[in-house]
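One structure is given below, encoded as structure tokens.
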2 protein chains.
Amino acid sequence: MTNQKQIAQKLGISIATVSNALTGKGRVSANVIEQVLAHAKQMAYVPDAAGRALKTGRTGIIGLVIPDITQPVFPDFAEGIEAAADEYGYGVLIGNSRRMKDNQAKTINQLIQRGVDGLIIVPQRGTKIQALNVPFAVISTATDPSFTVVANHKQGGQLSAKSMLDIGHRKFVILGDDCHSPVENERIAGMVEELENVASYEVFWAQDEFPDLLAQHKQGVTAVLTVSDLLALRVITESSNLGLRCPKDLSVLGFDNLPLATAVRPTLTSIVPNTAELSKRSIEYLDAAIRRNVQLPPPSIVNMSIEFRESTAALTAKI
Amino acid sequence: MTNQKQIAQKLGISIATVSNALTGKGRVSANVIEQVLAHAKQMAYVPDAAGRALKTGRTGIIGLVIPDITQPVFPDFAEGIEAAADEYGYGVLIGNSRRMKDNQAKTINQLIQRGVDGLIIVPQRGTKIQALNVPFAVISTATDPSFTVVANHKQGGQLSAKSMLDIGHRKFVILGDDCHSPVENERIAGMVEELENVASYEVFWAQDEFPDLLAQHKQGVTAVLTVSDLLALRVITESSNLGLRCPKDLSVLGFDNLPLATAVRPTLTSIVPNTAELSKRSIEYLDAAIRRNVQLPPPSIVNMSIEFRESTAALTAKI
DNA sequence: ATAGACTGATTAAACGATTAATCAAATAGT
DNA sequence: ACTATTTGATTAATCGTTTAATCAGTCTAT
């Protein structure tokens with residue numbers, strides 16, 4: 001591995017000058033800069049990360065702490081964070097707690113030991129992030145008061161309901177999976193708020209009781225709002241087994257806009273959380289914190305949008 | 001941040017002794033070791049990664065280069081690699097080329113610049129990894145001669161076909177998506193090899209022509225072997241729309257054992273690539289290479305297994 | 001012509017940890 | 001009792017880069 005010393009020796013100049021030429025700081029003649037750059041390229045010089053980090057106190061690496069990369073949505077996060085970090089000149093070290101709750105603290109400590117400049121943390125459900133001795137940003141749910149950036153799950157739920165109201169639906173089934181999940185509860189709260197006093201609905205939790213879709217349809221239900229694409233998929237396949245057609249008999253909405261949403265027939269209409277924006281704001285915040293900027297961006301809330309596909313249809317034929 | 005110097009001063013001893021006490025090297029009295037350890041803990045000492053890396057030449061970080069973390073299967077990889085790396089004391093820096101082919105080389109260079117000790121590379125389809133100046137392992141397909149570790153896609157295909165032969169099926173549809181994918185071709189080659197001379201089959205590529213499942217079923221086809229869970233899902237939903245029941249009329253096999261395999265009704269029987277084992281072997285190899293062990297483990301091939309679920313059934317009722 | 005300003009480069013210290021070389025004191029061996 | 005050996009600790013160098021302080025010239029202005 002070539003270092004600045006070797007370049008300096010070859011050109012008969014000092015190491016400091018080489019460093020200055022390479023970084024563009026200090027005072028160096030145009031002539032020398034050119035020579036240094038040429039030799040650096042020719043000798044395949046790559047600045048040593050450790051040496052630089054030791055002197056500057058910055059590694060240029062941030063840690064991303066997530067509960068489970070295996071779970072859909074998190075890869076999207078990882079990608080978004082990685083992309084945003086890249087833009088700001090950071091690399092991303094992943095810390096995956098792998099579904100083990102007690103692992104989160106350990107993961108965080110490991111990342112700190114590895115010298116990260118800061119952390120982006122998506123906390124395990126129901127955990128609290130205590131103060132750390134590195135800057136960090138928390139991506140969480142609105143119910144967590146310590147968040148830095150959150151996705152607006154409630155608004156997503158509202159959007160889900162509103163979109164179906166707009167095209168004529170009036171009788172709904174709302175389907176969650178796990179009634180202890182804050183995310184799911186926020187989404188459903190949004191749906192309920194939107195439908196209240198305007199339409200009729202019933203809420204089910206799949207983990208406890210999967211609704212009898214045929215019976216519901218007989219009673220006039222025309223749309224099922226779910227809290228995830230996986231659930232929506234299950235609704236479609238189950239109802240199809242019962243002889244119900246989607247979207248003719250039943251419009252079904254998903255959430256999260258996973259890759260499978262476009263792989264299924266009918267393709268899934270889904271609420272899309274803007275992970276790219278979420279990631280961008282998190283990195284923006286973290287970068288400011290790392291650089292000790294006085295003015296940190298305030299906590300921000302990112303709204304969701306909707307992607308209409310084949311699994312939903314307007315309620316006109318029924319009239 | 002506390003460093004060894006501060007501990008040394010507080011105890012009135014030299015920095016070298018502190019270092020020796022902490023690392024267990026050199027000669028230090030039990031008494032002093034105890035004191036140093038106690039103070040280190042009390043002062044919340046964390047060894048500085050940069051300082052250590054600079055001196056030892058090792059960062060303890062490896063880079064994982066993947067084409068697209070958004071695509072199913074890759075998160076499983078990321079998790080497997082992270083877990084295995086953790087076991088060997090490494091952290092994982094992710095490098096996601098984000099589907100941009102020309103990004104791969106850039107990603108690799110960035111990781112090298114960040115001082116990784118080695119790389120695990122899952123190459124973009126059809127790319128070649130030229131020699132690098134860090135140790136690396138390549139996880140690829142069997143057709144790529146430079147691989148270090150590969151999943152045995154062909155055997156997976158064979159397993160898929162054999163499992164259905166075993167339970168009485170004799171007339172098959174084999175369904176791929178993209179006829180240019182080496183992975184898919186290997187899987188299908190395995191299926192074909194197993195069925196040749198023993199059963200009848202027809203191969204379709206969904207991107208070109210999706211089979212008429214109703215017609216196929218009329219002609220006696222009872223099982224559809226696909227190269228991915230997404231395709232299997234599509235087969236199930238499409239056939240359901242045609243009035244075919246799964247698995248009563250049609251057994252459907254997926255591939256990769258994605259999360260959605262258990263979210264769908266019927267749940268999907270799927271071929272599962274052993275990503276944990278794949279990851280373990282890759283890290284094992286890379287660690288040996290990094291430590292410049294003379295005997296590198298030979299390239300290895302990891303077999304797949306099958307997970308039976310609701311989408312397949314024995315062909316007994318038909319007799 | 002001379003003081004002052006500017007230019008281009010060098011010196012040397014520093015970051016934090018590791019480690020070979022060294023040294024003093026204590027212990028063991030004959 | 002005197003030499004070896006062992007033990008416990010220190011010194012000083014080193015990894016590669018950055019950067020404040022310094023210095024020797026050159027140029028400008030009066």
Side-chain angles (χ1 to χ4, degrees), chain A residues 1-37 39-40 43-61 89 112-117 133-134 290-291, chain B residues 1-37 39-41 43-61 89 91 112-117 133-134 290-291:
Chain A
M1 292 265 89
T2 22
N3 53 21
Q4 295 185 357
K5 191 176 181 184
Q6 294 170 14
I7 298 179
Q9 283 179 340
K10 189 149 249 167
L11 287 173
I13 60 180
S14 76
I15 301 177
T17 302
V18 173
S19 175
N20 281 332
L22 289 170
T23 58
K25 299 180 178 178
R27 287 193 290 246
V28 192
S29 66
N31 179 16
V32 171
I33 290 185
E34 199 184 337
Q35 289 217 332
V36 170
L37 259 40
H39 275 73
M43 297 167 76
Y45 168 74
V46 177
D48 182 88
R52 176 175 287 172
L54 180 56
K55 177 65 189 178
T56 62
R58 298 263 309 271
T59 56
I61 293 179
I112 292 178
Q113 287 209 354
R114 293 231 141 79
V116 296
D117 289 341
N133 47 8
V134 297
I290 289 173
R291 305 241 292 273
Chain B
M1 293 263 87
T2 23
N3 53 23
Q4 296 186 353
K5 192 178 182 181
Q6 294 170 16
I7 297 179
Q9 283 179 342
K10 188 148 253 170
L11 287 173
I13 59 180
S14 74
I15 301 177
T17 302
V18 173
S19 175
N20 282 331
L22 289 169
T23 58
K25 300 181 178 178
R27 286 193 289 248
V28 193
S29 67
N31 180 18
V32 172
I33 290 185
E34 200 183 335
Q35 290 216 333
V36 169
L37 258 40
H39 275 73
K41 173 166 255 178
M43 298 168 75
Y45 168 74
V46 176
D48 182 88
R52 177 175 284 173
L54 180 55
K55 177 63 188 182
T56 63
R58 298 265 307 272
T59 55
I61 293 178
I112 291 178
Q113 287 208 355
R114 294 227 140 81
V116 297
D117 289 341
N133 46 8
V134 296
I290 289 173
R291 306 241 291 275

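First the proteins, then the strands, lettered A, B, ... as listed; each starts at 1.
The closest side-chain heavy-atom distance from Val32(A) to Thr17(A) is below 4.5 Å. The side-chain heavy atoms of Arg291(B) and Arg58(B), taken from C-beta on, include a pair separated by under 4.5 Å. The closest side-chain heavy-atom distance from Thr2(A) to Ile7(A) is not below 4.5 Å. Counting heavy atoms from C-beta on, the side chains of Val134(B) and Ile290(B) never come closer than 4.5 Å.
Nucleic acid contact class of Leu22(B) (heavy atoms, under 4.0 Å, all strands): none.
With dT10(D), dT11(C), dT17(D) as the choices, the nucleotide that has an atom nearest any side-chain atom of Ser14(B) turns out to be dT10(D). Across dT18(C), dG16(C), dT10(D), the shortest atom-to-atom separation from the side chain of Leu54(B) is found for dG16(C).
Across the protein-nucleic acid pair, Gln4(B) atom CD and dT18(C) atom C1' stand 8 Å apart, rounded to whole Å. One can place NZ of Lys55(A) at 9 Å from C1' of dA20(D), the figure rounded to the nearest angstrom. Taking atom CD1 on Ile15(A) and atom C1' on dA12(C), their separation rounds to 11 Å, with Å as the unit. One atom, CG of Asp48(A), and another, P of dT17(D), lie 6 Å apart when rounded to the nearest Å. Arg58(A) has its CZ atom 23 Å from the P atom of dA14(C), to the nearest Å. Whole-Å rounding puts the Lys5(A) NZ to dT11(C) P distance at 13 Å. Rounded to whole Å, the distance from CZ on Arg52(A) to C1' on dA14(C) is 17 Å. Taking atom CG of Asn3(A) as the reference point, atom P of dT14(D) lies 14 Å away to the nearest angstrom.
Within the model, atoms CD1 of Ile61(A) and CZ of Arg114(B) stand 6.0 Å from one another, a figure rounded to the nearest 0.5 Å.
Taking a 4.0 Å limit (strictly below) on heavy-atom distances, residues 24-36 of chain A reaches DNA chain D at Lys25(A).
Residue Thr17(A) places no side-chain N or O under 4.0 Å from the OP1 or OP2 atom of dA9(C). An OP1 or OP2 oxygen of dG16(D) is reached within less than 4.0 angstrom by no side-chain nitrogen or oxygen of Gln6(A).
Positionally, the nearest nucleotide of DNA chain D for Ile13(B) lies more toward the 5' end than for the other of Tyr45(A) and Ile13(B).
Of the possible donor and acceptor atoms, one in the side chain of Asp117(B) sits under 3.5 Å from a partner among the backbone N and O of Thr59(B).
In the model, Tyr45(B) has a side-chain atom that pairs as donor or acceptor with a side-chain atom of Gln4(B) under 3.5 Å.
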